[in-house]
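Below: the structure, in structure tokens.
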Amino acid sequence: MHFFTSITTSYLPKARVLAKTLKQHNPDAVMHLVVSDDLPKDFDIKKEDFDYVWFAEDFIKSENNNKWFFIHTVVELCTAVKGAGALHILNETGADKLVYLDPDIGVFDDLTPLSKMLDKNSVLLTPHQIEPAKNTRGVIDEEICSLKHGVYNFGFFAVKNDEKGRRFLNWWNERLMDFCFDDIPGGLFTDQKWGDLAPALFDFVKIIHEPEYNVATWNLATRTVTGNEKDGWYVNGRPLRFYHFTGFDSGAHRVMLAQHAKEGDPVWNLSLMYEQMMNDAGQAEHGKTPFKYAFYKNGDKISKEERNVFRHRMDVYNYFDNPFDDECRLWMRTNVCADNTDVMTICRKVCLYKFLRKFSIGKWHRHCKAKHIYYNDKLSRLQNIAKNVA
């Protein structure tokens, strides 16, 4: 059976843990890594537990890939490529069955039962919750949270490479290419909210209700983890298949964990074990690496507000062919950024070199004159861009 995950470089340590634990318990698994970033220069697949590496730039087919990558934040991007990535892997490898697992998942038992489920079904999904909340706090944290973010957790899905499985993937991929955004007020939450429609649109979707799949802090109120590293891990008395360590980097994992367990409980020990595995896999080195599409070509960081403006304003979207270029950056800094940092900097430098020019001689005078002309021209360009787009 084939498996894949989707990452940027900052999630490489987690993906390594996923691949390692997957193959420990499923030695015949074929592991694919989908990357929306540049991997570290010393990355060598021969030394990794990945069998294939696929770069999103090579299989994303949009009208303008520069624009498509620009309008997505890192979370939106890694989820937006999942449908296209799945189709690409099926097309390139001819795999019969394909399972997606989020990079922050650890596998702790044999996943052959998923293969058997796919013998009879074309799509497998897991709900965030499989039992009603027990109290008001649970209604808010578990059920209302699911209503906001999606009934099914798309940190996992599985498809069979048949007509039905591809029909689902084609539909889902079309939605993700155009509407994979973190916009809960607008009814979207990246790739996940679309899954709410899947069982209604496709009668071949199977919902997995067994508690040992996709255990996470969001369902610990109804799932009890027992066991240890030596004897194995269990949930509600059944072998734990895989655990989703969501929210580790933000600290949310520990906050939610504390609501359902105390330090020293098996689920805490499981979490500490995973944290050590992450560290051993290079978390300190790669865990905070920003992804390549976080910046304009000159190195300035792109804000979420700038991405939203580019996505929603068709005049801006149509004017700039490559939003990562300096022309778009200058316009954004003029019209979107609250402090207009670049405009103010340029204006100050125009005034500075104009002033220095008056009191300098010889070579320094020529230097100041050239700098004044340079920054004055840059300011004029910025003003012209703003005039043309507005």
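Applying side-chain contact (heavy atoms from CB on, under 4.5 Å) to F69 and the options N66, I71, N65 leaves one that passes, N65.
Within a 6.0 Å sphere centred on NZ of K20, heavy atoms belonging to other residues, nucleotides or ligands number 12 at most. Within a 6.0 Å radius of NZ in K148, other residues, nucleotides and ligands contribute 12 heavy atoms or fewer.
A donor-acceptor contact closer than 3.5 angstrom is absent between the side chains of K304 and T73. A donor-acceptor contact closer than 3.5 angstrom is absent between the side chains of R166 and N173.
No salt bridge links K116 with D119; every basic N to acidic carboxylate O contact stays at or beyond 4.0 Å. In summary, D109 and R238 do not engage in a salt bridge, as defined by a charged side-chain N under 4.0 Å from a carboxylate O.
Minimum interatomic distance between H72 and E76 (heavy atoms only, all atoms of both residues): CA-OE1, 3.4 Å. A261 and W268 make their closest contact through O-NE1, 3.2 Å (heavy atoms, listed as atom of the first residue, atom of the second, distance). Looking at every heavy atom in both residues, E212 comes nearest to P239 through CB-O, 3.0 Å.
Note: R333 CZ to C328 SG = 9.5 Å, rounded to the nearest 0.5 Å. N26 contributes atom CG, which lies 4.5 Å from atom CG of L111 (distance to the nearest 0.5 angstrom).
At least one side-chain heavy atom of H244 sits under 4.5 Å from a side-chain heavy atom of N153. F202 has its side chain within reach of R167: a pair of non-hydrogen atoms, C-beta onward, lies under 4.5 Å apart. Here the side chains of I60 and W68 are in contact, with some heavy-atom distance below 4.5 Å. Side chains of K206 and M117 form a contact here, defined as non-hydrogen atoms less than 4.5 Å apart.
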